[in-house]
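First up is the structure itself, then whatever we jot down about it.
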Protein chains: 2
Amino acid sequence: MSGSSTAPKNHEGQLDLNRFFPYRLSTLDMAVSQAVAQLYSGRFNLSRQEWRIIAALGNHESMSAKELAAYSSLEKMQVSRAISRLKEADLILQQEDRDDRRYTRLSLSDQGRSVYRKIVPLVLAREEFILSALSEQEQEQLMQLMDKVYQKALELQKWG
Amino acid sequence: MSGSSTAPKNHEGQLDLNRFFPYRLSTLDMAVSQAVAQLYSGRFNLSRQEWRIIAALGNHESMSAKELAAYSSLEKMQVSRAISRLKEADLILQQEDRDDRRYTRLSLSDQGRSVYRKIVPLVLAREEFILSALSEQEQEQLMQLMDKVYQKALELQKWG
DNA sequence: TATTGTTATACTCTATAACTATA
DNA sequence: TATAGTTATAGAGTATAACAATA
């Protein structure tokens, strides 16, 4: 993906990876997510899943494991395992839901909230740096274009 | 990532995953790449790495393992292992470079080229379907915006 | 019977580095 | 010494499904 954005598309049964949207998207995601992972992984020793749980609980009073899975695009086992590690690290608290004891109420501990408050400004700064490549208007455009493409990709997933 | 593209950005030390660019990018990539992976994985039993090697060799007469790694954004061990599996499946050919015998010359076998010719129209059709969410002009915009963001993300990676 | 969440299992993928052969 | 490519190893992550507790 080296600056060939204005190149023509693939033609006639030939596929150039550098002009193939899924490949370009993948390399972009790798670069961006690694830039963020360096923070939560390197400095805070959190996995991607654990970071997402922290982030999710950081602006919700409490959530069940199921809600967490839906909100963070993780599988329920990933959530379950991230939870058990985060509990062991005393970053989150877990208690039963009084009304329906199948549910758990998960929330950040004081220590977890402290970690959240340290990480968030750092990752937001990185996001801001990366997006500083674009004007405010371009950022808005990018988000809208990505949303449209996302909806189409979901259609495709449903039909297999 | 449910249609919140026009929502305001994160503020004041709070981070909403659904408004966080790296997260949105990641979910988009997952949806898109899964749509493509269903093809090469499900119908042709190829891994992501193997598919990239096939795609790379499909429009290059021959490449060395090093060239493949650079072109396909894979690590040299990933390339090496994908090569060994593809050789075993008789999809690619490998011979020594006459001038410098440290290099290998890799190319598609007839069978490999046949697989390439079958897969490419299918994945291009999926790409086209996904991108049909956008006008031609919007597609062009999206690629350009992604390229700009990519360059910034690489800057960040370099500095850690 | 259906649902929430946990656990078991096997499998794959990854990262690091040692290693061979060639230059 | 440096480079291309392979192999070894251990650790991390993944998918599938069985399982317990609750409703």
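Here is the naming used below: chain letters follow the sequence lines, and residue numbers restart at 1 for every chain. These numbers come from the heavy atoms of this one structure, side chains and all, not from hydrogens, waters or symmetry mates. Predicted model, so just to flag it, every value in this text is computed and none were measured.
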*Not counting sequence neighbours, which residues clear side-chain contact (heavy atoms from CB on, under 4.5 Å) with Gln34(B)? List them please.*
Gln157(A), Gln38(B)
*Using a strict cut-off of less than 4.0 Å between a Lys/Arg side-chain nitrogen and an Asp/Glu carboxylate oxygen, indicate whether Arg105(A) and Glu96(A) qualify as a salt bridge.*
no
_Residues forming a salt bridge (charged side-chain N to carboxylate O under 4.0 Å, His left out) with Asp90(B), sequence neighbours excluded_ = none
*Give me the ring orientation class for Tyr40(B) and Trp51(B): parallel if the planes are under 30° apart, tilted from 30 to 60°, perpendicular past 60°.*
parallel
*Note the angle between the end axes of the helix from dT1(C)-dA23(D) to dA23(C)-dT1(D), five pairs defining each, rounded to 10 degrees.*
10°
*Examine the side chains of Ser26(B) and Arg52(A) and answer whether a donor and an acceptor come within less than 3.5 Å of each other.*
yes
*Rounded distance in Å - CG (Leu68(B)) to P (dG5(D))*: 9 Å
*Nearest 0.5 Å, what's the CD-CG distance between Glu61(B) and Leu108(B)?*
9.5 Å
*Identify, between Ser47(B) and Val79(A), the residue whose nearest nucleotide on DNA chain C lies closer to the 5' end.*
Val79(A)
*Can Lys118(A) be said to sit on top of Phe44(A)'s aromatic six-ring, NZ or CZ under 6.0 Å from centre and within 45° of the ring axis?*
no
*Check every nucleotide of DNA chain C for an atom under 4.0 Å from a heavy-atom of chain B, then give the first and the last such nucleotide from 5' to 3'.*
dT14(C) to dA23(C)
*Using the test ring-ring contact (aromatic ring centres under 6.0 Å, His included), find all partners of Tyr116(B) that sit at least two apart in sequence or belong to another chain.*
none
*Report, as a single string ordered 5' to 3', how protein heavy atoms within less than 4.0 Å touch nucleotides 14-23 of chain D: B base, S sugar-phosphate only, - not at all.*
SBBB----BS
*Is Thr104(B) near enough to dG5(D) that one of its side-chain N or O atoms lies under 4.0 angstrom from OP1 or OP2?*
yes
_NZ/NE/NH1/NH2 to OD/OE distance under 4.0 Å, Asp97(A) and Arg102(A)_ = no
*Quick one: label Glu67(A) by what it contacts on the DNA or RNA (base, sugar-phosphate, nothing), any heavy atom closer than 4.0 Å.*
nothing
*Do Tyr150(B) and Asp29(A) meet the criterion of a side-chain donor-acceptor pair at a distance under 3.5 Å?*
no
